[in-house]
Colleague: 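Have a look at this one before I ask anything.
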Amino acid sequence: MTNREVAAVLDNIADILQMKNDNPFKVRAYRKAAGTVYHLEVDLNILHRQQRLGEIPGVGTGVKGIIEELLTTEECHYYSELLAEYPPGVFDLLALPGIGHATVKIIYDQLGIDNLHDLLQAALDKKIRALPGLGAKTEYTIKKGIEMLQKNAGKSTLGLALPMAELFREYLQSLDGVEMAAVTGSIRRCKPLVSDIDLLIAARDFEATRERARNYRYIKTVKLEENDHLQGLLDYNLEFEVILVKPEDFYPRLVWTTGSKAHRQVLAQAFGFDPDHHPALHSEAEVYQNMNLPFIPPELRENTGEVEAATQNSLPVLVEVKDIQGDLHVHSDWSDGACKIVDIANHARKLGYSYIAITDHSQSLSISGGLNRERLQAQARVIDELNASCKDFRILKGIEVDILRDGSLDFEDDILKELDIIVASIHSHFKLNRDEQTARIIRAMENKYVNIIGHLTGRLLNRRSGYEVDVEKILAAAAQNNVALEINSHPDRLDVDENIVRRACACGVKLAINSDAHDLNELANVSYGAAVARRGWAQKSDVLNTMDLKNFTQNLSNRR
DNA sequence: GCCGTTTTCGGCCCGACTGTTTTCAGTCG
């Protein structure tokens with residue numbers, strides 16, 4: 001079992017205990033252990049072999065026993081017993097915004113409902129409002145929540161699908177007889193939510209290759225198998241499709257399968273592109289060249305003007321991950337991050353950065369260990385010491401300061417002015433109306449110490465729609481106050497989205513591709529943020545943290 | 001269930017809002 005699978009079981013145990021009204025501190029213990037295991041740098045199996053599971057903070061004798069059982073038998077008796085009381089389907093109900101454990105317990109105990117389909121029917125039949133303690137508003141919340149989930153039904157985040165696709169691609173590439181293998185489709189275009197994993201492989205003997213491909217260890221079921229196709233389901237219920245082509249057809253097919261339907265249609269209708277009838281072509285660039293077009297990056301192949309731009313030779317030179325010189329939104333163990341500042345800094349250097357901003361939460365976010373004035377000053381002293389010992393890398397003193405309900409900030413200016421960089425974010429009052437929310441953010445931007453607005457809309461993919469804001473007004477204020485908008489790279493956020501990125505670039509508003517990392521692994525998530533930037537046609541010069549340290553710090557001081 | 005340089009028992013992080021009610025439990029970050 002992987003760390004994440006173990007973490008999921010511990011989290012599910014916490015969910016059931018919570019529904020059973022068990023000791024809240026016990027629930028918290030499981031929850032905390034789940035979080036620690038999820039963010040762990042080392043594979044649990046290795047720690048187990050070294051008999052070091054007990055060294056994990058928050059893992060005592062009880063949880064340690066469960067982890068050991070899961071690692072050795074893939075099962076856990078205690079968990080099975082709990083599942084007998086509340087079946088796994090009830091976890092799906094917890095995904096509904098505004099519906100928590102107590103409500104799910106009432107619904108399951110009274111109506112026996114353990115899946116979203118039956119819950120929707122009960123809500124439509126007005127059965128929810130009849131339950132004790134629940135009313136028409138909860139019924140409405142349920143209907144709206146299910147509606148939101150259904151809109152993205154069956155879609156996975158890029159953060160889940162892309163690594164799975166890449167693993168599968170590596171496997172296919174390693175097979176005898178496979179000359180080339182590529183991830184294609186919407187994953188290659190880096191859409192934030194994707195419905196399946198598409199892979200293209202070049203081989204001569206289709207039958208033998210299919211035979212080998214279907215032995216991939218993460219395939220759960222094969223649903224369809226024919227000459228040049230293999231289709232089915234991977235772990236995590238990810239749909240996959242493997243398309244087999246002759247090597248000479250590989251690049252035309254790669255172009256054909258990567259582009260959105262609209263992009264393909266334009267190529268076919270306006271340029272006569274036919275992936276089945278073409279001269280010998282040895283790269284995607286040659287495929288486009290054959291249509292008298294320059295190479296169009298996969299992220300742009302959505303028919304949102306890229307073909308016209310290509311025709312006029314005016315495609316943007318898109319920003320790349322390697323252009324990023326530093327990360328401007330990272331949490332340490334001073335608030336809710338898992339790692340020490342020194343470890344974050346060392347890891348950032350390995351990633352090739354020349355600076356990193358430590359931006360822990362501010363005091364009002366007490367649940368996340370938000371820093372008060374004294375702790376912030378103590379942290380600054382630690383950072384000063386670390387900076388004193390190295391010349392080629394800089395740790396910037398920052399804060400992710402809460403934007404309060406009225407748009408004021410969670411710290412006074414006399415504290416903010418002592419810091420190098422301020423990311424201002426909303427973590428409360430999501431339900432303000434569009435005008436109030438917009439005015440609130442603009443007021444925050446007008447504070448001269450604020451450099452970046454963090455995760456502007458607060459959306460969580462597949463979980464929560466963003467709050468309403470007037471994007472054009474925000475962009476105007478951002479331009480006027482020289483405040484950057486963050487592209488939050490967490491795969492569950494990817495906020496702002498590509499549409500706002502494109503408008504920001506048009507308005508001259510700078511972007512900051514930040515990880516919002518809470519552990520070392522998450523620092524690498526900037527690749528997802530960079531993908532959003534590219535889908536929004538952003539160039540290197542549009543992105544604040546592509547500047548080198550000297551220019552970047554100069555830019556910061558200009559703002560004040 | 002976890003933890004401990006005051007502790008092996010008795011703490012463990014909280015504050016605001018919302019919905020269902022008429023004073024408080026549930027949800028969220």
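Residue numbering restarts at 1 for every chain, and letters A, B, ... go by the order of the sequence lines.
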Colleague: Pick the P atom in dG15(B) and in dT21(B), then give their distance to the nearest Å.
Modeller: 28 Å
Colleague: Would you be so kind as to tabulate the donor-acceptor pairs closer than 3.5 Å made by side chains of residues 365-372 of chain A, with sequence neighbours excluded?
Modeller:
unit_1	atom_1	unit_2	atom_2	d
Asn372(A)	OD1	Glu374(A)	N	3.3
Asn372(A)	OD1	Arg375(A)	N	2.9

Colleague: Quick one: what's the B/S/- string for nucleotides 18-24 of chain B, heavy-atom cutoff under 4.0 Å, read 5' to 3'?
Modeller: -SSS---
Colleague: Using purine N1 to pyrimidine N3 plus N6-O4 or O6-N4 for Watson-Crick, or N1-O2 and O6-N3 for G-U wobble, both under 3.5 Å, which nucleotide pairs with dG15(B)?
Modeller: dC28(B)
Colleague: Scan side-chain atoms only and decide if Asp118(A) and Asn115(A) contain a donor-acceptor pair under the 3.5 Å cut-off.
Modeller: yes
Colleague: Please give, in whole Å, the distance from dC28(B) P to Asp402(A) CG?
Modeller: 18 Å
Colleague: Which residue pairs pass the salt bridge (Lys or Arg N to Asp or Glu O under 4.0 Å) test when at least one of the two sits in residues 69-97 of chain A, sequence neighbours left out?
Modeller: Lys20(A)-Glu85(A)
Colleague: If the P atom of dC13(B) is compared with that of dT5(B), how far apart are they to the nearest Å?
Modeller: 14 Å
Colleague: Determine the interatomic distance between P on dG1(B) and the same-named atom on dT7(B); round to the nearest Å.
Modeller: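 dG1(B) and dT7(B) have their P atoms separated by 25 Å.
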Colleague: Can you name the side-chain hydrogen bond (donor to acceptor under 3.5 Å, both in side chains) partners of Asp497(A), sequence neighbours left out?
Modeller: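 Checked Asp497(A) against side-chain hydrogen bond (donor to acceptor under 3.5 Å, both in side chains); zero matches.
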Colleague: Can you measure His427(A) atom NE2 to dT27(B) atom C1' for me and round it to whole angstrom units?
Modeller: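 Checked: the NE2 to C1' distance equals 17 Å.
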Colleague: Starting at atom NE2 of His101(A), determine the distance to atom P of dC28(B), rounded to an integer number of angstrom.
Modeller: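 Taking NE2 of His101(A) and P of dC28(B), I get 9 Å after rounding.
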Colleague: Quote, to the nearest angstrom, the P distance that separates dT20(B) from dC14(B).
Modeller: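 The answer is 28 Å between these two P atoms.
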Colleague: If you measure from the Lys or Arg side-chain nitrogens to the Asp or Glu carboxylate oxygens, is any gap between Arg394(A) and Asp420(A) under 4.0 Å?
Modeller: yes
Colleague: Could you run through nucleotides 1-14 of chain B and give me one letter per nucleotide, 5' to 3': B if any protein heavy atom sits under 4.0 Å from the base, S if only the sugar-phosphate is that close, - if neither?
Modeller: BSS--------BBB
Colleague: Which residues, if any, of residues 84-92 of chain A bring a heavy atom under 4.0 Å of DNA chain B?
Modeller: none
Colleague: Which whole-number value in Å describes the distance from Phe430(A) CZ to dT27(B) P?
Modeller: 17 Å
Colleague: What interatomic distance, in whole Å, is found between C1' of dT18(B) and the corresponding atom of dC12(B)?
Modeller: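 Per the computed distance, 27 Å lies between those C1' atoms.
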Colleague: Please enumerate all residues that pass side-chain hydrogen bond (donor to acceptor under 3.5 Å, both in side chains) together with Asn23(A), with sequence neighbours excluded.
Modeller: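 Expected list: none.
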Colleague: Let me know the distance between CG of Asn21(A) and P of dA25(B), rounded to the nearest Å.
Modeller: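 Those two atoms, CG and P, are 12 Å apart.
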Colleague: Side-chain donor-acceptor pair under 3.5 Å between Asp516(A) and His455(A), yes or no?
Modeller: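 Note: Asp516(A) and His455(A) side chains miss the donor-acceptor criterion.
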Colleague: Taking only residues two or more places apart in sequence or in another chain, which ones pass side-chain hydrogen bond (donor to acceptor under 3.5 Å, both in side chains) with Arg129(A)?
Modeller: Glu139(A)
Colleague: Indicate, with yes or no, if the rings of His518(A) and His490(A) have centres closer together than 6.0 Å.
Modeller: no
Colleague: Strictly below 4.0 Å, heavy-atom distances to any atom of DNA chain B: list the hits from residues 102-124 of chain A, or just say none.
Modeller: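 Output list: Ala102(A), Thr103(A).
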Colleague: So, Asn514(A) and Asn488(A): side-chain donor and acceptor under 3.5 Å apart, yes or no?
Modeller: no
Colleague: Report the residues that fulfil side-chain hydrogen bond (donor to acceptor under 3.5 Å, both in side chains) with Arg31(A), sequence neighbours left out, ordered by chain and then residue number.
Modeller: Asp11(A), Asp15(A), Gln18(A)
Colleague: Taking Asn545(A) for the side chain and Ala512(A) for the main chain, is one N or O donor matched with an acceptor at less than 3.5 Å?
Modeller: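 No, the answer is negative, given that no donor and acceptor are paired below the 3.5 Å cut-off.
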Colleague: Applying salt bridge (charged side-chain N to carboxylate O under 4.0 Å, His left out), name anything that partners Lys143(A), two or more places apart in sequence or on another chain.
Modeller: none
Colleague: Tell me the interatomic distance from Leu404(A), atom CG, to dC17(B), atom P, rounded to whole angstroms.
Modeller: 11 Å
Colleague: Looking only at the side chains, is there a donor atom on one of Asp109(A) and Tyr86(A) sitting less than 3.5 Å from an acceptor on the other?
Modeller: yes
Colleague: Can you tell me how far P of dT27(B) sits from NZ of Lys144(A), to the nearest Å?
Modeller: 20 Å
Colleague: Can you list every salt bridge (Lys or Arg N to Asp or Glu O under 4.0 Å) pair that touches residues 398-412 of chain A, not counting sequence neighbours?
Modeller: Asp406(A)-Arg443(A)
Colleague: Output the rounded distance in Å from CD1 (Ile426(A)) to P (dC17(B)).
Modeller: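 To the nearest whole Å, that distance equals 14 Å.
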Colleague: Can you tell me how far P in dT6(B) sits from the matching atom in dC17(B), rounded to whole Å?
Modeller: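 It comes out at 39 Å once rounded to the nearest Å.
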